[in-house]
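One-based numbering, in listed order, for ligands and for the atoms of each.
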Amino acid sequence: MATTRTLTIIKPDGVQQHNIGDIIHAFEQHQLKIIAMKMLHLTKNQAEGFYAVHRDRPFFDSLTTFMSSGRVVVMVLGGDNVITRLRELMGATDPAKASAGTLRKQFATSIEQNVIHGSDAPETAAFEISYFFSELDISK
Ligand code: GDP
């Protein structure tokens, strides 16, 4: 069966632009079930740990500075094919290339400040969920 859990983050730009409600509403409309949720302000070090896979990319410092610039909302979502379904709802990384109706097309302002993160594969979902949530948070 396709993976039934993924990790999503409403990034600091989404929180500052008051898109929390819009994004949660879209999740509910698309039957992406919220399993766990918390709001926090990452340190630079915590953002670097989360995005460690990108540490050799030229935008790593800028990305982790942005991700630690304000509060974020972190959620575990559930449902059949949830990884793919969330990625479709998010749209392409660069909002200029994102399809109409996607969250990034609607709310993102740049390739970096693109309002939402979603895990891209089952292995990354497992790592990313465990980065923020314990077993107790997501059981049942
Ligand atoms: P995603 O899976 O669509 O989020 O994209 P990636 O995993 O490739 O990149 C992670 C995050 O890094 C993106 O969501 C953006 O916030 C940022 N990012 C990706 N590409 C670029 C880039 O070319 N320049 C900058 N400044 N940020 C980028």
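Looking at F60, F66, F59, it is F59 that brings a heavy atom closest to atom 22 (C) of ligand 1.
Ligand 1 lies out of reach of D120, whose nearest heavy atom is not under 4.0 Å from it. In this structure, H54 is part of the shell of residues with a heavy atom less than 4.0 angstrom from ligand 1. No heavy atom of M90 sits closer than 4.0 Å to any atom of ligand 1.
By the 3.5 Å distance cut-off applied to N or O atoms, H117 is not counted among the residues near ligand 1. Backbone and side-chain nitrogen or oxygen atoms of T93 are examined, and one is located within less than 3.5 angstrom of a nitrogen or oxygen of ligand 1. Residue R87 has at least one N or O atom closer than 3.5 Å to an N or O atom of ligand 1. Polar contact check, R104 against ligand 1: a nitrogen or oxygen pair lies under 3.5 Å apart.
For atom 16 (O) of ligand 1, the nearest non-hydrogen atom of the protein is E112 O, 2.8 Å.
At a heavy-atom cutoff of 4.0 Å, ligand 1 is contacted by both the backbone and the side chain of I111. Only the side chain of N114 comes within 4.0 Å of ligand 1, judged by heavy-atom distances. Residue K11 touches ligand 1 through its side chain alone, judged by heavy-atom distances below 4.0 Å.
The closest donor-acceptor contact from the side chain of H30 to the backbone of A26 lies under 3.5 Å. No donor-acceptor pair closer than 3.5 Å links the side chain of H41 to the backbone N or O of V72. In this structure, the side chain of E112 does not engage the main chain of F66 through any donor-acceptor pair within 3.5 Å. Side-chain N or O atoms of T8 include one that pairs as donor or acceptor with a backbone N or O of H117 at under 3.5 Å. Side chain of R87 to backbone of G118: a donor-acceptor contact under 3.5 angstrom is found.
With 3.5 Å as the limit, one finds a donor-acceptor pair spanning the side chains of K44 and T64.
A cation-pi arrangement, defined by a distance under 6.0 Å to the six-membered ring centre and an angle within 45 degrees of its axis, is absent between K38 and F132.
Heavy-atom minimum distance, Q16 versus S69: NE2-O, 4.3 Å.
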